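Structure record follows, encoded as structure tokens.
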Amino acid sequence: MTLHLYDSATRQIRPLDPVVPGRVGIYHCGLTVQGPPHIGHIRKEVVFDVLRRWLERAGYDVRIVANVTDIDDKIIAKGAENGEPWFAVAYRNERALHAAYEVLGCEPPTYEPRATGHVPEMIEMMETLIARGHAYPAQDGSGDVYFDVRSWPPYGELSNQSIEDMQEAPDAPADGKRDPRDFALWKGRKEEEPESASWPTPWGRGRPGWHLECSAMAAKYLGPEFDIHGGGLDLRFPHHENELAQSRAAGQPFARVWMHNAMLNLGSSKMSKSVGNTLTVAEVVKRVPAIALRYYLVAAHYRSIIEYSEESLAEAATTMSRIEGFVTRAASLVGRCDGGEIPPAFAEAMDDDLSVPAALAVVQDTVASGQRLLGHGASDDLRAALGSVRAMLDVLGLDPLDPHWAGSRDHGPAQAALGALVQQLLDHRAEARAAKDFAAADRIRDQLTTAGIAIEDTPQGARWTVKEDR
RNA sequence: GGUGGGUUGGCCGAGAGGCGAGGCAACGGACUGCAAAUCCGUUUACACGGGUUCAAAUCCCGUACCCACCUCCA
């Protein structure tokens with residue numbers, strides 16, 4: 001079986017059929033960098049990171065483009081509020097986004113174009129749309145340019161709505177519009193807005209109207225037709241609908257499959273800045289290991305709502321550390337076992353619209369049988385189990401031995417010094433136990449526990465780990 | 001009002017006509033000097049009311065409630 005994905009345009013699960021065999025082009029809408037990313041934002045990054053890893057394992061050459069929307073009303077407003085340039089806000093939050101990718105082990109997109117860097121491409125696209133009769137400059141001289149929804153009969157095809165049932169688009173006063181549902185491709189500069197937030201065009205100075213940047217940049221970096229367009233479900237309408245209309249009206253076939261991830265809710269409504277129910281990645285990662293947060297975000301199917309709670313996050317942390325426990329114990333017995341095999345059941349689950357929950361059940365089964373083997377010492381079966389657990393976890397970006405997660409933990413002089421000290425204490429404890437002086441042995445264990453070091457006795461002697469629960 | 005999606009055991013979370021997904025928690029047992037870790041066992045759920053079927057959590061009709069979008073949003 002090859003990868004099948006749920007296409008939200010046709011509401012069907014369909015096989016991936018790349019435009020260019022062997023290559024997959026993906027565009028997913030990045031962030032409007034008006035604030036640091038919260039865990040709902042990063043859910044989308046994790047989802048597409050898993051998709052990328054799975055496609056790459058299948059041998060595809062994957063190109064991922066995710067835009068950074070670095071200009072919009074809120075960014076300008078925040079700059080004004082803080083008494084700093086709008087671009088100071090944008091760059092700061094873009095760096096916070098990159099830090100969040102890094103913390104959660106998401107490889108950055110292949111290309112990450114900024115809206116403000118693609119104004120000429122947008123102007124060209126508007127000229128094409130105007131020439132084809134699908135766009136027009138505002139009739140009120142505001143400098144806005146609108147898309148003419150009535151000129152494009154398929155409008156509404158992505159979200160399965162008819163124009164008649166839609167409310168008007170309030171992105172600009174209706175005076176300049178032919179139809180109240182026409183949306184802005186470009187926004188003319190307003191008096192109160194900073195000069196630096198505008199660019200010259202044939203219709204006067206102004207700035208991008210959000211939807212257009214994605215159409216222009218997708219075409220530039222992926223070509224007129226590409227494989228997968230993704231983003232949060234909340235972008236389906238109007239953003240993705242409008243992108244689709246613009247690009248097709250400009251003569252481009254555009255995306256073959258539309259893939260939308262469900263929201264992450266907190267207090268039974270979508271995590272969002274305007275509601276005020278946000279938890280930033282930086283905050284959550286102080287309370288729980290980053291790998292546990294990633295597990296939490298990955299473990300639910302990408303089309304299911306995650307109802308955030310402290311309890312379920314803690315549960316994810318427990319489960320992840322159990323898996324990590326197996327991997328590290330097994331590796332200390334039989335080595336890393338790189339290059340393990342992916343069990344067919346795992347592959348089938350992933351190919352079926354990225355069914356990570358079913359795939360994780362395979363991971364759990366393999367871990368459980370590996371744990372049983374562990375009791376009997378080193379064996380080929382154990383090596384196979386470890387290799388395959390690590391291969392599966394790698395697809396999900398959760399392999400504890402991956403340098404990303406293991407790197408800082410197991411190396412460095414401080415770690416070596418700690419190891420030497422702990423080993424001395426463990427040697428004393430072993431002597432005490434051999435002499436049946438259990439009071440002394442337990443005192444040493446308590447000391448270590450208090451210091452945050454957990455002891456496990458195994459047939460090969462005592463193991464120690466620094467506890468990561470915070 | 002329009003368009004989608006959902007309601008599963010103490011909790012999280014899959015499945016989508018017959019066969020107990022998986023995890024967490026709890027309890028009992030094994031192992032252990034005691035622990036920890038690990039293993040074994042126990043706990044048969046699908047919002048409600050109808051219907052179709054030999055068989056329904058799954059299909060159909062209705063009801064209730066929840067979420068998302070139709071405003072900026074991942």
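In this text, all values refer to a predicted model and were calculated from it rather than measured experimentally. Throughout, a chain's letter reflects where its sequence line sits, starting with A, and its residues are numbered from 1.
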Output, in order, the C-alpha distance, side-chain angles, deciding distance and verdict of salt bridge (charged side-chain N to carboxylate O under 4.0 Å, His left out) for A:Asp446 and A:Arg443. CA-CA 5 Å; A:Asp446 291 346; A:Arg443 216 175 304 125; over 6 Å; no
Would you check, one step at a time, whether the test ring pair (Phe, Tyr, Trp, His ring centres under 6.0 Å) holds for A:His118 with A:Tyr221? CA-CA 11 Å; A:His118 296 77; A:Tyr221 295 101; 5.5 Å; yes
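Taking atom CD of residue A:Glu324 and atom P of nucleotide B:G23, one finds them 18 Å apart after rounding to whole Å. What separates NE2 of A:His240 from C1' of B:A68 is a distance of 14 Å, to the nearest Å. In this entry the distance linking CD of A:Glu157 with P of B:C69 reads 22 Å, nearest Å. To the nearest angstrom, P of B:G4 lies 12 Å from CD of A:Glu241. A straight line from CG of A:Asn277 to P of B:C67 spans 12 Å, rounded to a whole angstrom. When rounded to the nearest whole Å, the span between CG of A:Leu51 and P of B:A74 equals 20 Å. If you measure from atom CZ of A:Arg11 to atom C1' of B:U3, you get 9 Å, rounded to the nearest angstrom. In this structure, CZ of A:Arg236 is placed 10 Å from C1' of B:A68, rounded to the nearest angstrom.
Nucleotides B:C46 and B:C59 have their C1' atoms positioned 16 Å apart, rounded to a whole Å. A distance of about 38 Å separates the C1' atoms of B:U42 and B:U63, rounded to the whole Å. Nucleotides B:G10 and B:U43 have their C1' atoms positioned 10 Å apart, rounded to a whole Å. Spacing between B:G23 and B:A30 at atom C1', rounded to whole Å, works out to 22 Å. Taking the C1' atom of each, B:A64 and B:C24 are spaced 31 Å apart, rounded to whole Å. Straight-line distance between the C1' atoms of B:C19 and B:A26: roughly 28 Å, to the nearest whole Å. When the P atom is used for both B:G22 and B:U44, the distance is 15 Å, rounded to whole Å.
Put simply, A:Lys270 has a side-chain N or O that comes within less than 4.0 Å of OP1 or OP2 on B:C69. Put simply, A:Ser304 has a side-chain N or O that comes within less than 4.0 Å of OP1 or OP2 on B:A14. Listed pair A:Thr318 / B:G23 fails the phosphate criterion, with no side-chain N or O lying under 4.0 Å from OP1 or OP2. Side-chain N/O atoms of A:Asn261 include none lying less than 4.0 angstrom from OP1 or OP2 on B:A74.
Looking at A:Thr458, its side chain does come within 3.5 Å of a backbone N or O of A:Gly461 through a donor-acceptor pair. Counting only distance, with no hydrogens or angles, the side chain of A:Thr32 and the backbone of A:Thr69 share no donor-acceptor pair below 3.5 Å.
The aromatic rings of A:Phe183 and A:His211 lie perpendicular to each other, with more than 60° between the two planes, well past the 30° mark. Using bins of under 30°, 30° to 60° and over 60° for the plane-to-plane angle, the ring pair A:His229/A:Phe254 lands in the tilted bin. Taking the six-membered ring for Trp and thresholds of 30 and 60 degrees, A:Tyr155 and A:Phe147 have ring planes inclined between 30 and 60 degrees apart.
Across all strands shown, the partner of B:G28 is B:C40, judged by Watson-Crick or G-U wobble contacts whose two distances both fall under 3.5 Å. Summarising the base pairing, B:G9 is matched to no nucleotide, lacking a Watson-Crick or G-U wobble pair whose two defining distances lie under 3.5 Å. In this structure B:G49 sits in a base pair with B:C61, meeting the Watson-Crick or G-U test at under 3.5 Å. In this structure, B:C19 makes no Watson-Crick or G-U wobble pair, since no nucleotide meets both defining distances under 3.5 angstrom. Under the Watson-Crick or G-U wobble criterion, with both distances below 3.5 Å, B:A68 is paired with B:U3.
Take A:Asp227 and apply the salt bridge (Lys or Arg N to Asp or Glu O under 4.0 Å) test, not counting sequence neighbours, and it matches no residue.
Each of A:Leu360 and A:Glu311 lies near RNA chain B, and the nucleotide nearest A:Glu311 is the one positioned closer to the 5' end.
No option in A:Arg14, A:His260, A:Arg256 other than A:Arg14 meets the side-chain hydrogen bond (donor to acceptor under 3.5 Å, both in side chains) test with A:Asp7.
With distances taken from any side-chain atom of A:Ile305 to the nucleotides B:C72, B:A74, B:C67, the minimum falls on B:C67. The side chain of A:Lys74 lies closest to B:C72 when the candidates are B:C72, B:C67, B:G5. Between B:A68, B:C12, B:A21, one nucleotide has an atom nearer to the side chain of A:Ser269 than all others, and that is B:A68.
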What are the atom names and distances for every N/O pair under 3.5 Å that joins the protein to nucleotides 33-40 of chain B?
from	atom 1	to	atom 2	distance (Å)
B:G33	O6	A:Arg433	NE	3.3
B:G33	N1	A:Asp442	OD1	3.0
B:G33	N2	A:Asp442	OD2	2.7
B:C34	O2	A:Arg445	NH2	2.7
B:C34	N3	A:Arg445	NH1	3.0
B:C34	N3	A:Arg445	NH2	3.3
B:A35	N6	A:Asp457	OD2	2.9
B:A35	N1	A:Asp457	OD2	3.0
B:A35	N3	A:Arg445	NH1	2.8
B:A36	N1	A:Asp457	O	3.2
B:A37	O2'	A:Arg329	NH1	3.0
B:A37	O2'	A:Arg329	NH2	3.3
B:C39	OP2	A:Arg322	NH1	3.4
B:C39	O3'	A:Arg372	NE	3.4
B:C40	OP1	A:Arg372	NE	2.9
B:C40	OP1	A:Arg372	NH2	3.3

